[in-house]
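For reference, the structure is listed below as C-alpha cells.
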Amino acid sequence: MDKVKIGIPRGIYYYYYGNFWKYFFKKCNMELVYSPSTTKEIVEMGSHLAPDEMCLSMKIYLGHIAYLQDKCDYILIPRIDRFDKENQTCTNFLALYDISKHYFKTPILNYNIDSQHDFLDGILNMKELKLSRVQCILAYEYAMKKEKEMKSRRENLQQQILNSSGKKVLIVSHAYNIHDDFIGSSIVKILKENHIQILYSDYFDEKKTNLLSKELSQDLYWKYSRDSIGSIPLCKEVDGIIFLSTFPCGLDSLVHELVIRKMEKPYLNLVIDDMSASTGLETRLESFVDLIEQN
Amino acid sequence: MNKISYPQLGSYGVPIYYLLTHVLRNEIIKPKEITKKTMELGSKYSPDFVCTPFKYTLGTMIESLDMGADILIQMGGGCRYGYYHELQEQILKDLGYHFQLINLINGGNHISIRKLFKEYPIELKKRGFLKYLYTTKKMVIYMDKIDHYIRSHRCYEKEKGAFNKLREEMLLKMSEAKGPIHLYHIYKTYLKRMKNVPLRETTKRIRVGLIGELYTLMEPKANEEIEELLNSYGFEVKRYTDVTYLLFQKKRKVKQYLKNFFIKYRMGADALDNIHHTKELCEDEYDGIIHIKSSFCTPEIAAMPIIESTAQQYGVPVLFFSMDMNTSETGFLTRIEAFCDMLEMRKQ
C-alpha cells in the first residue's frame, strides 16, 4: 500500500511546528509533501484568491495551499484558537480552516486546539489517519524530544551571538514573517552583507519570553506577539531593534506601536506588502545600519 | 470626586448614562456626539492601519478628557478590540493627560465587579443597584425592539420624520424612567403611537439585510446613516446586530450555528454570525444584502469570501463597504444608489 501523503503548506504554523510535524509523521510512517519556499508566483496565487484587505502572511499561506491542493491526500491546516486564557492566536487564524475548506476541495485533517483541547488532543483527534492512540503518543514523545534538542541548540547559538562583540540587531517579528523567503530573507541578506549579527525573537525559549512580555505590556493576550516582544527585555545588549510586520497585520499594528512608544534604543519599523520595491527597503536598512555603527 | 466618561455608541448612550447616574455617586460626563473634529483628533494620534473604531473611540476619549473626565470606561473583546485600551491609555498618557482607564472585558474575560470597586475610585450607591441594572437591561431591549420596528416601517411613512420625532421623544422619556414598570408603560405607549403613524400603501416591498462589523453598524455616524438613507429610498431594512443580540442572545445562537456544520469552528467576533445571517436572509428571500465593516476589520475580512459565495448560491446580490475616516460621501452615495437601482430593476 502506498504511504498516505500529507501536504504541509510552508507558511504560518509551519514555522512554529514544522520541525515537530516532520518527526511525528516520519515516526507514523507517512509521507510529507512540502510546498516550496515562497516565490512571486505563490504570492500572486494567494492574493488572487484572498480579499484585498487580508494580511500578506495569510495571502501567502493561501498561495501555498493552492500549490499543494492536488499533490497530496490530506492537507494539514491546524486550527489553533488558544492554549489558555492569555495565550490566544490571531483572530484571522481562527478562520483558516473554514476559509481553506471554502476555497479548496482537498480534505483537511481535523487538527483543532482550543480551550477544551490541548496540543496533544489536537494530534489524537486526527481520526482520518487511523492511527492508534499508543502509536500517536509514542510518536508525539519522540518528536517532542527531537524538537527540544533542536530548540536548545538554537538558543545556545543565540546566546553565543549575544555574548560576542560586534554589532548586533534583534528582529522582533512573528516567525512566519522573518523566516519567509518573500518577506524576511532580503532583510536578513542586507544585514549580513553589512556584517551585522542577527538575533531572532522567536529563537529564544518561549516560556521565558512569554513571561517577560509582562514588562512591556500587561494585558496582551496573543501568544505569538507575547513570545516575540518578550525577547526585548532579554536582549539588553543589542545595538538596535527592527520591528517587522506585514500589511495590514491586526496584532502588530497595536502591539508594535505600544512597544515602540516605550523604546529607548534605536529602532526601525518595517511594514512589508506584496508589492514593496526592494530599493526603498535597502535604503532604509542601510541608513539604519549607519546609525547603529556610529553609536 | 472623580468624573467618569465612556465612548459614544449610537443611542446606547441613553441607557449607559441612566445606569451610571443611578448607580454611582461619581459625576458622569456625557461624551460629545461624533463630529468631523472627533474623527480628525482620533486619526491624528492613531497608528496607521488600526481599525476605525479605535480612531472613533480615541477621538471621543480626548474630547471627554478635555471636558474634565478622569476615569474612562472602555468595553471590548472578541477580536483586537480587547487590546485597544492598553495602547489608547499609552497614547493619551504620552499626550499628557492624567486619568485611569477601565476595560470591562479583558481579553475576553469579564472583570469582576468586586475588583472594579476595589481598584478604582468609584463609589457605589448601595440602594437600588439591582433595580436600576434590571431597568437598564430592559431599556436596551425595548429600544432595540422599537428600532427593529422603525427600520422596517420608516420607509412607508406619509409624513417625513414622524418616526424619528417619536423615537427622540421616547428616548427622552426613557431617560427619566423611575423603574421597570414605568419604563414598560413608556415602551407600550410609544409602540402604540408608532403603530398609529399613517403609512403609505405599496404593492412591491423591497427588503435589504444589513450585516457586518458591530461598531460600524451601530454607530450611525460611522456608517453615513445608511439605515435612514435606505429607508428614504423606500426600502425595508433588517439588521441583526444590536446590543440585545450581542449581550443576551449571541451565546445561545452561536451554539446553534455550530451544530449545523455549515461552518465548523468559531471565527472570532461576529464573522460566524454574519455568515449564518446571510444564509437566513437568503432563505427569507430578501432582495439584497449590504455588508459594512470598518477598514482592516480582521474577522470580517475572513468571512467575506464565504458570505459572497453563499449569497451567490441563492442568487442574492451583496454589496461590500469598507468604511474609513476618509470615505468620500459622494462615492458612497453613488455605490448605494446604483445598488438600489439594480434591486428595483430586478424586482420589476
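Just so it is clear, the structure is predicted and the values come from calculations on it, not from any experiment.
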Q) Is the number of heavy atoms from other residues, nucleotides or ligands within 6.0 Å of OH (Tyr267(A)) greater than 12? A) no
**Q.** Close side-chain approach of Asp114(A) to Tyr265(B), heavy-atom, < 4.5 Å
**A.** no
Q) Contact part of Lys293(B) toward chain A, heavy-atom cut-off under 4.5 Å: side chain, backbone, both or neither? A) side chain
Q: Identify which part of Phe93(A) has an atom lying under 4.5 Å from any heavy atom of chain B, answering side chain, backbone, both or neither.
A: neither
Q. Any side-chain heavy atom of Tyr83(B) within less than 4.5 Å of one from Leu251(A)?
A. no
Q. For the atom pair CD (Glu53(A)) and CE (Met304(B)), what is the distance rounded to the nearest 0.5 Å?
A. 6.5 Å
Q.
Within the supplied structure, the quantity of interest is the number of heavy atoms (other residues, nucleotides, ligands) at a distance under 6.0 Å from Glu329(B) CD; does it exceed 12?
A. no
Q) How long is the gap from CG on Leu87(B) to CD on Glu257(A), to the nearest 0.5 Å? A) 6.0 Å
Q) How far does CZ of Phe49(B) sit from OG of Ser245(A), to the nearest 0.5 angstrom? A) 4.5 Å
**Q.** Segment of Ala302(B) engaging chain A (4.5 angstrom heavy-atom cut-off)
**A.** both
Q. Between atom CG of Asp98(A) and atom CG of Leu272(B), what is the distance when rounded to the nearest 0.5 Å?
A. 8.0 Å
Q. Between Asp81(A) and Arg266(B), does at least one N-O distance fall below 4.0 Å, as a salt bridge requires?
A. no
Q | Residue among Met54(A), Arg261(A), His256(A), Met58(A) with most heavy-atom pairs under 4.5 Å to chain B | A | Arg261(A)
(Q) Are Lys101(A) and Ile263(B) packed together at the side-chain level, in the sense that at least one heavy-atom pair is separated by less than 4.5 angstrom? (A) no
(Q) Rounded at 0.5 Å granularity, tell me how far NE2 in His85(B) sits from CD in Gln218(A). (A) 10.0 Å
Q. Do you know the tightest heavy-atom contact between Ile301(B) and Pro51(A)?
A. O-CG, 3.6 Å
(Q) For Arg80(B) versus Ser253(A), what's the shortest heavy-atom pair and its separation? (A) NH1-OG, 3.1 Å
Q: Check whether any side-chain N or O of Glu86(B) sits under 3.5 Å from a backbone N or O of Asp219(A) as a donor-acceptor pair, and report yes or no.
A: yes
**Q.** Contact class of Leu220(A) relative to chain B, heavy atoms under 4.5 angstrom
**A.** both
(Q) Could you check whether atom NZ of Lys214(A) has more than 12 heavy atoms from other residues, nucleotides or ligands sitting under 6.0 Å from it? (A) yes
Q: Rounded to the nearest 0.5 Å, what's the gap from CG on Asn92(A) to CD on Glu300(B)? Could you check?
A: 11.0 Å
Q: Give, as side chain, backbone, both or neither, the part of Phe54(B) having an atom under 4.5 angstrom from any heavy atom of chain A.
A: side chain
Q: Let me know if Ser295(B) has heavy atoms under 4.5 Å from chain A in its side chain, its backbone, both or neither.
A: both
Q: Name the member of Val255(A), Ile99(A), Asp52(A), Leu254(A) that forms the most heavy-atom pairs with chain B at distances under 4.5 Å.
A: Leu254(A)
